[in-house]
Enquirer: 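What follows is a structure written as structure tokens; I'll ask about it next.
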Amino acid sequence: FPSHDRVVEDVFASLPFPAGYPTAVFVVTRDRQFLERSVREFSDFYKSPQMEVRPCLNCASLGWANTSLGLTNVIPHEIFHVWQASVYRKGYSHRDWDPSNPLNPPVWLDEGGAEFFMNVFYRKVDNYYPGSLVNLKPYHLEDYITKNLDGNLPYSLGRLAGEYIVASKGYEKFLSIYSNVGLGQDFPTAFENALGIPLELFYEKFDKYLKKML
């Protein structure tokens, strides 16, 4: 599908992938059997422990991503995860560490960052930014280092955190949080080195910002 290829090419071109990164495979289909067969043939992701629990639909890993949903939103989200895997340098997946460990990147950063990128790209394609405050609750961002408290809020709050960071510090510094983790820095250190603000102080400032919005 030429339109699919163009969207994928534009999204990949919008992210600073490391030189020599593996050729990406992107699968777009509503046929579950075809999707699973394609992923099994082109990816090592099936060696992941989480694949033994459930097959991967609308997800990403080292060098590939797949989707059964809308192109202009899911493609940017999943390819951002491919970029995360490339800069984290964590093997086949950006999820192969314990998110409950405060020294590791939290879910709000990984999923929220992908949501932020998705929304920005959506605006680029359709001149429309679909972000909203729907279903937000007055919790603290630091409560969402995992999905244990709520499965959806790390996405929504994380997207708002991404917007807040980019508006305050710029897009390149936002991306450098992930890059710093890939250089071996623990998350609080990577965050402070990228943005020049301690993580705990950022949480305080963002909570105040969120209260004003709500």
Enquirer: Please say yes or no: joined through hydrophobic side-chain contacts below 4.5 Å, possibly via intermediate residues, are Y178 and L141 part of one cluster?
Expert: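 Yes; tracing contacts between hydrophobic side chains, which count when under 4.5 Å, links both residues.
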Enquirer: What's the spacing between R159 CZ and N119 CG if we round to 0.5 Å?
Expert: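 So the gap between those two atoms works out to 5.5 Å.
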Enquirer: Does a side-chain heavy-atom distance below 4.5 Å link L175 with P16?
Expert: yes
Enquirer: Do L157 and Y144 make a side-chain contact, defined as non-hydrogen atoms from C-beta onward lying under 4.5 Å apart?
Expert: yes
Enquirer: Between the side chains of D110 and Y88, is a donor N or O closer than 3.5 angstrom to an acceptor N or O?
Expert: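 Present: a donor and an acceptor within the cut-off.
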Enquirer: With hydrophobic residues grouped by side-chain heavy-atom distances under 4.5 Å, do V107 and I177 end up in a single group?
Expert: no
Enquirer: Rounded to the nearest 0.5 Å, what separates atom OG in S14 from atom CD in E9?
Expert: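 Rounded to the nearest 0.5 Å, the OG-CD separation comes out at 11.5 Å.
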Enquirer: Looking just at side-chain N and O atoms, do Q84 and H81 make a donor-acceptor pair shorter than 3.5 Å?
Expert: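 Yes.
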Enquirer: What distance separates Y203 OH from D143 CG, expressed to the nearest 0.5 Å?
Expert: 9.0 Å
Enquirer: Can you check whether F80 and F116 have ring centres sitting under 6.0 Å from each other?
Expert: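 Centroid distance F80-F116: not below 6.0 Å, so no.
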Enquirer: Regarding K147 and Y155, is there a side-chain donor-to-acceptor distance under 3.5 Å anywhere?
Expert: yes
Enquirer: With the 4.5 Å side-chain cut-off for hydrophobic clustering, are L183 and L103 part of the same group?
Expert: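 Per the 4.5 Å side-chain linkage, L183 and L103 are not co-clustered.
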Enquirer: Using the side-chain contact (heavy atoms from CB on, under 4.5 Å) rule, take W83 and F117 through it: C-alpha gap first, then chi angles, then the decisive distance, then the call.
Expert: CA-CA 11 Å; W83 177 79; F117 182 78; over 6 Å; no
Enquirer: Rounded to the nearest 0.5 Å, what separates atom NZ in K169 from atom OG in S176?
Expert: 11.0 Å
Enquirer: Kindly determine whether V87 and V181 satisfy side-chain contact (heavy atoms from CB on, under 4.5 Å), including the steps that lead there.
Expert: CA-CA 8 Å; V87 295; V181 172; over 6 Å; no
Enquirer: Assess the residue pair H77 and E111 against the criterion (side-chain contact (heavy atoms from CB on, under 4.5 Å)); give the C-alpha distance rounded to whole Å, side-chain angles, the decisive distance to 0.1 Å, and a yes or no.
Expert: CA-CA 8 Å; H77 179 107; E111 295 296 351; 3.1 Å; yes
Enquirer: Do any side-chain atoms of residues 185-195 form donor-acceptor pairs under 3.5 angstrom with protein atoms, and if so which ones, sequence neighbours left out?
Expert:
from: Q185; atom 1: OE1; to: N193; atom 2: ND2; distance (Å): 3.1
from: D186; atom 1: OD1; to: T189; atom 2: N; distance (Å): 3.0
from: D186; atom 1: OD1; to: T189; atom 2: OG1; distance (Å): 3.0
from: D186; atom 1: OD2; to: T189; atom 2: OG1; distance (Å): 3.2
from: N193; atom 1: ND2; to: T189; atom 2: O; distance (Å): 3.4

Enquirer: So how far is it from S168 OG to K205 NZ, rounded to the nearest 0.5 Å?
Expert: 9.0 Å
Enquirer: So I79 and L15, do their side chains get closer than 4.5 Å, heavy atoms only?
Expert: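 SC-SC contact between L15 and I79 confirmed.
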Enquirer: Starting at CD of E142, measure out to CG of D207 and round the result to the nearest 0.5 Å.
Expert: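 Spacing of CD (E142) from CG (D207) equals 6.5 Å.
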Enquirer: Evaluate the ring planes of F174 and Y171, with Trp represented by its six-membered ring, and classify them as parallel (under 30°), tilted (30 to 60°) or perpendicular (over 60°).
Expert: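 The rings of F174 and Y171 sit tilted, inter-plane angle from 30° to 60°.
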